[in-house]
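Before any comments, here is the structure.
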Amino acid sequence: MKSIKNHLSLVIALLSILFSMQIFIIVDRSIEAYKENLASNYSVVIVSQKNLSDTTLLEVNTMISEVEELSPDNVIKRLNTGMDSKNIEFLKLTLPKFYKLNLEHYPTPEEIIDLKKDLLKNKFITKVEDFAHTHDTTYKLLLLFKGVVTVFALSIFIVTTLLIFKELRIWQFKHSERMSIMGLFGAPVWLRSAVLFRLSMVDAIVSSALAFLLFTYIASSQWILEQFDYIGISVVLFDPVSDFIMLLGVAITLSILLASLIVLGHKEEV
Amino acid sequence: MDKVIIANNLSLSYSSNETIINQADFSVSSGSFVFITGASGSGKSTLLKSIYGALKPEQGSLIVGGVELKGVSTSKLNFLRRHIGIVFQDYKLVKEWTIEKNIMLPLIINGYDKNVTQNQVDTLLKHVRLKHQAGKYPLELSGGEQQRVAMARALSHNPILILADEPTGNLDDYSSQLIWNLLEGANSQLKTTVIVVTHHIPETLNVDYKHFHIEYGRINEVN
Ligand SMILES: Nc1ncnc2c1ncn2[C@@H]1O[C@H](COP(=O)(O)OP(=O)(O)OP(=O)(O)O)[C@@H](O)[C@H]1O
Ligand SMILES: [Mg+2]
């Protein structure tokens, strides 16, 4: 009972740090997925006097990932009120060309301005439609959301850090007596602190195992999966290998740091 | 005869405005039995602290087991301490460890074999009449019982030097006699140097001893 209580406080502090970290990662992944979603729906349309090859357009800016020529047939169909085919062919030649450009990622407003400038450098391109206004609102919303989440994660981080430091004081107090006594019988520093490091290693492993269980449960929860479905994105909530290794790494690093701070801060009483 | 402790012009203090031990000269021969007496607050525990290197000499020199303690390195001090057995006035037992593990501590630090350790601890528990308490924790014992655990711990690794700070301070006559027998035994059979701080030198002792008295910061030998 007593030993469980010994472990509990550090395990809880570590677990809350791991929890907020993984949540931040999930939010970040969702935003990225959402951005990709936006990118695939967003495109720039240009009007050109002359036929432009795909390669010419792709070379204009590295952001352009795909070029699609918009067929003039629709326009012509509407004009087609009894023209013979020869005239239609002629008309087709004189009509400007329309191209739809898909982009590699969802652009920032500055990237759109640059892209537009680059495109207009080509003397045949007469107009660039970038749908900037709609884009701007969506983009600002996205930034706002990310900002809110960052503030949230930061405050959790601050609170848990304070928690850890309070824990550190208690630990220092609890372990310093034993460490002093061992020192009085000539134990070298590594031996004095061995118990401390073992304890903190165990706590790190326990808390990451708990985080593993928690997020495995969350990642398989029907309700949560439905929510993501509803937004229209699919996100890896918890990768049992790479995410777990990262959480374990963070927990071990933190607890070893904690133990080292205690060992370094330990002074032999006179 | 070899000297285990040589103090020359030794001064000890906790802060610069108060000197506890003032320019003392004394030495302790290897294998001898020494009593230190003095009024409460005279500096007996302080002197022991300097011998196990917890309080560095303010002035002069203090050589213990051939090691100069003024400016001694941590590793050298640790090495020296592994060969000293200390009974602290306030026992200093590890609260979260059982009696048995407490007694084992110096043996673990010295890297003794597990079997040797267990045998030694069993023998000592018998000697201090605490066999039945082996699995208990220090705070579950009486003051006198804790003191006997501290004694057993100090003897466990057969140190070359034992420092005992009022080791019978909390004990009745019977238990006190037990402690004196143990210290006498270590001194006569293992040639361990024994330094004991006490208020009463026992009359029944069967060994020759030296007696230092501390007064006004001076250490005087009593004949
Ligand atoms: N850690 C310390 N910091 C500052 N002063 C101390 C410290 N320990 C002891 N002293 C002072 O040093 C003086 C000697 O103390 P010490 O403990 O050596 O006395 P003592 O002879 O062992 O007394 P007692 O018989 O009561 O145990 C005392 O005046 C005490 O106030
Ligand atoms: Mg004292």
Side-chain angles (χ1 to χ4, degrees), chain A residues 1-14 166-206 255-256 258-270, chain B residues 12-15 20 45-46 48-56 58 65 67 72-88 90-97 101-111 137-139 149-150 153-157 159-161 163 165:
Chain A
M1 196 54 226
K2 202 171 138 202
S3 67
I4 292 179
K5 233 164 81 188
N6 275 345
H7 286 284
L8 210 59
S9 39
L10 184 68
V11 167
I12 288 176
L14 282 175
K166 191 176 141 261
E167 202 51 33
L168 182 116
R169 272 271 176 81
I170 297 170
W171 268 46
Q172 190 139 29
F173 178 74
K174 233 171 51 186
H175 292 279
S176 70
E177 189 188 47
R178 186 194 57 242
M179 282 161 62
S180 295
I181 294 171
M182 290 180 82
L184 289 171
F185 283 92
V189 172
W190 66 265
L191 188 60
R192 286 181 224 178
S193 30
V195 180
L196 193 62
F197 279 104
R198 205 171 51 222
L199 261 175
S200 48
M201 276 301 263
V202 167
D203 288 3
I205 290 167
V206 167
S255 56
I256 285 184
L258 192 73
S260 310
L261 279 175
I262 292 175
V263 171
L264 290 177
H266 174 75
K267 278 217 177 73
E268 204 173 299
E269 54 198 294
V270 176
Chain B
L12 300 171
S13 65
Y14 292 98
S15 62
I20 311 291
S45 300
T46 303
L48 291 191
K49 272 181 207 169
S50 74
I51 295 172
Y52 59 78
L55 186 66
K56 301 276 152 23
E58 167 96 0
V67 178
V72 68
S73 71
T74 313
S75 59
K76 241 190 184 153
L77 181 60
N78 281 337
F79 178 78
L80 177 65
R81 282 176 175 179
R82 289 200 280 276
H83 298 286
I84 301 178
I86 315 169
V87 182
F88 298 95
D90 56 353
Y91 320 144
K92 292 198 197 299
L93 300 176
V94 180
K95 291 188 196 73
E96 62 268 29
W97 286 354
K101 177 130 190 221
N102 266 285
I103 297 173
M104 275 180 198
L105 178 66
L107 295 161
I108 295 170
I109 292 172
N110 278 288
Y137 291 88
L139 294 181
V149 174
R153 179 178 63 181
L155 292 167
S156 67
H157 52 309
I160 57 160
L161 173 64
L163 306 173
D165 200 343

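Below, read A as the first sequence line, B as the second, and so on, with proteins coming before strands; counting in each chain starts at 1.
A/Phe185 CZ to B/Arg153 CZ: the interatomic distance, rounded to the nearest 0.5 Å, is 4.0 Å. Put simply, NE2 on A/His175 and CD on B/Glu96 are 7.5 Å apart, with the number rounded to the nearest 0.5 Å. Between the CD1 atom of B/Ile108 and the CG atom of A/Leu191 there is a distance of 8.0 Å, given to the nearest 0.5 Å.
In this structure, A/Phe197 places its CZ atom where more than 12 heavy-atom neighbours from other residues, nucleotides or ligands lie under 6.0 Å away.
Ranked by non-hydrogen atom pairs under 4.5 Å with chain A, the options B/Leu93, B/Asn78, B/Asn110 are led by B/Asn78.
For B/Arg82, there are no salt bridge (charged side-chain N to carboxylate O under 4.0 Å, His left out) partners at least two apart in sequence or on another chain. Contacts of B/Phe88 classified as ring pair (Phe, Tyr, Trp, His ring centres under 6.0 Å), with partners at least two apart in sequence or in another chain: B/Tyr52.
In this structure, chain A has a heavy atom under 4.5 Å from the side chain of B/Leu105, while its backbone stays farther away.
Looking only at side-chain heavy atoms (C-beta outward), A/Glu177 and B/Val94 stay at 4.5 Å or farther from each other.
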